[in-house]
Amino acid sequence: MAYFQLIANELRKKIISGEYPKDSRLPRQSELAALFQTSRVTIQKALNTLQMEGLIEGRQGSGSYVKGPESVYDYDASIYGGMTKKLGHLGKLRNQIISFGVSFPNEREQEKLRLQKNDPIYDIVRLRIFEDEPLALEYTVMPVLLIPGITEEVLKSSIYRYINEQLQLQLGQSHRRIKADRPDQYDQQYLACQANDPVLEIEQTVYLENGQPFEYSQTRHRYDKGDITVTNKVSRHVYNL
């Protein structure tokens with residue numbers, strides 16, 4: 001892959017994640033060239049790629065400005081940090097708690113979270129609603145002893161923000177598996193799916209920076225609420241090429 005394409009991938013990721021929000025101006029070409037240790041010609045090729053995709057627009061004498069993703073529902077599977085981080089800056093996102101309690105893990109949950117059968121877990125089901133439209137149905141389990149203090153107030157806001165800001169824990173990597181499925185009763189009830197509508201499910205295990213798994217979840221999406229994409233990450237050593 002050409003280097004300008006790798007740079008375009010990195011900038012695209014920042015736009016979709018909200019690091020470069022809609023209507024904001026991107027750093028100047030000279031600043032991007034210094035950041036990626038390359039020429040302005042290469043940066044211009046990367047910006048041209050994003051402009052052709054409709055993510056940015058050039059304004060004469062002012063620079064490049066973010067137009068945003070083609071659809072706010074598009075989901076970049078290489079970005080983690082929670083849906084609040086992804087969509088909160090684009091519109092009204094709210095969480096409806098369908099069920100919330102404490103239980104004990106089954107065998108799969110024990111394996112995914114490295115727990116014993118008597119270790120308590122939060123058992124959470126939330127509906128994510130964006131601009132008053134049902135977007136995704138989340139089934140989440142987390143270890144109570146590792147992530148203490150989860151309340152309904154936290155669930156109505158951002159769990160990841162609570163973990164980072166209140167518990168002072170740093171998020172690490174995540175492992176995701178994406179598959180298609182038939183809608184179940186909950187999908188039809190909460191996502192307004194028809195019986196023959198497909199759904200996309202993202203199963204993931206998320207880790208803290210120290211490698212300890214703290215979340216095992218399945219998130220189910222309506223088939224017509226955006227695409228799931230993967231953006232390659234530009235590793236730091238590539239900048240020296």
Inset, instruction - Take Q194 and Q188 through the test side chain to side chain donor-acceptor pair (under 3.5 Å) and record every step on the way to the result. - result: CA-CA 6 Å; Q194 299 300 313; Q188 295 178 52; over 6 Å; no
When you measure from the side chain of [X] to the backbone of [Y], do you find a donor-acceptor pair of N or O atoms at a distance under 3.5 Å?
X	Y	value
R222	A192	yes
E109	N106	yes
Q37	A34	no
N95	L155	yes
T49	K45	yes

Could you give the distance from [atom1] ([X]) to [atom2] ([Y]), rounded to the nearest 0.5 Å?
X	Y	atom1	atom2	answer
Q170	E209	CD	CD	5.5 Å
I178	H221	CD1	NE2	8.5 Å
M142	I150	CE	CD1	6.0 Å
S64	R28	OG	CZ	10.5 Å
S24	I15	OG	CD1	7.5 Å
N9	K13	CG	NZ	10.0 Å

Nearest heavy-atom neighbours spanning [X] and [Y]:
X	Y	answer
P143	P213	CG-O, 4.3 Å
F4	A46	O-CB, 3.3 Å
R128	L93	NH2-CD2, 4.0 Å
L32	P27	CD1-O, 3.6 Å
P183	C193	CB-CB, 4.1 Å

Inset, instruction - Go through the steps for L171 and N164 under the test side chain to side chain contact (heavy atoms under 4.5 Å, CB included), then give the verdict. - result: CA-CA 7 Å; L171 304 185; N164 184 243; 5.5 Å; no
Inset, instruction - Evaluate the side chain to side chain donor-acceptor pair (under 3.5 Å) criterion for residues Y190 and Q96: first the C-alpha distance (whole Å), next the side-chain angles of each, then the deciding distance (0.1 Å), finally the verdict. - result: CA-CA 10 Å; Y190 291 104; Q96 176 183 335; 5.3 Å; no
Within the structure provided, determine whether [X] and [Y] are in side-chain contact (heavy-atom separation under 4.5 Å).
X	Y	answer
L11	Y20	yes
D197	Y223	yes
Q44	T42	no
E153	K156	no
K22	Y65	no
Q110	K117	yes
R12	L50	yes
I7	I43	yes

Legend entry - Derivation of the side chain to side chain contact (heavy atoms under 4.5 Å, CB included) call for V102 and I121: CA-CA 6 Å; V102 174; I121 57 170; over 6 Å; no
Are [Y] and [X] connected into the same hydrophobic cluster when the rule is that any two of I, L, V, M, F, W, Y join if their side-chain heavy atoms are below 4.5 Å apart?
X	Y	answer
V141	I124	no
I97	I163	yes
V206	I147	yes
I129	V125	yes
L200	L137	no

Legend entry - Sequence-distant partners of F100, ring pair (Phe, Tyr, Trp, His ring centres under 6.0 Å), two or more places apart: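 Ring pair (Phe, Tyr, Trp, His ring centres under 6.0 Å) list for F100, sorted by chain: empty.
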Legend entry - Which residues share a ring pair (Phe, Tyr, Trp, His ring centres under 6.0 Å) with Y162, sequence neighbours left out: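 Partners of Y162 by the ring pair (Phe, Tyr, Trp, His ring centres under 6.0 Å) criterion come out as none, since no residue qualifies.
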Could I get the full list of salt bridge (charged side-chain N to carboxylate O under 4.0 Å, His left out) partners for [X], not counting sequence neighbours?
X	value
E57	R59
D181	R220
K179	E201

Legend entry - Ring geometry between Y186 and Y139 (parallel below 30°, tilted from 30 to 60°, perpendicular above 60°):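 Rings of Y139 and Y186: parallel, as their planes differ by under 30°.
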Inset, instruction - Taking side-chain contact (heavy atoms from CB on, under 4.5 Å) as the test, write out the residues that go with E165, two or more places apart. - result: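 R161.
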Inset, instruction - Starting from the C-alpha separation in whole Å, work towards a yes-or-no answer on side chain to side chain donor-acceptor pair (under 3.5 Å) for Y207 and E215. - result: CA-CA 7 Å; Y207 301 82; E215 175 191 324; over 6 Å; no
Legend entry - Heavy-atom neighbours of R114 CZ exceed 12 at 6.0 Å: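 Atom CZ in R114 is packed in, count exceeds 12.
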Legend entry - Lys/Arg N to Asp/Glu carboxylate O, E203 vs R108, below 4.0 Å: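 Salt bridge present between E203 and R108.
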Legend entry - S217 vs E138, side chain to side chain contact (heavy atoms under 4.5 Å, CB included): CA-CA, chis, key distance, verdict: CA-CA 7 Å; S217 64; E138 292 182 346; over 6 Å; no
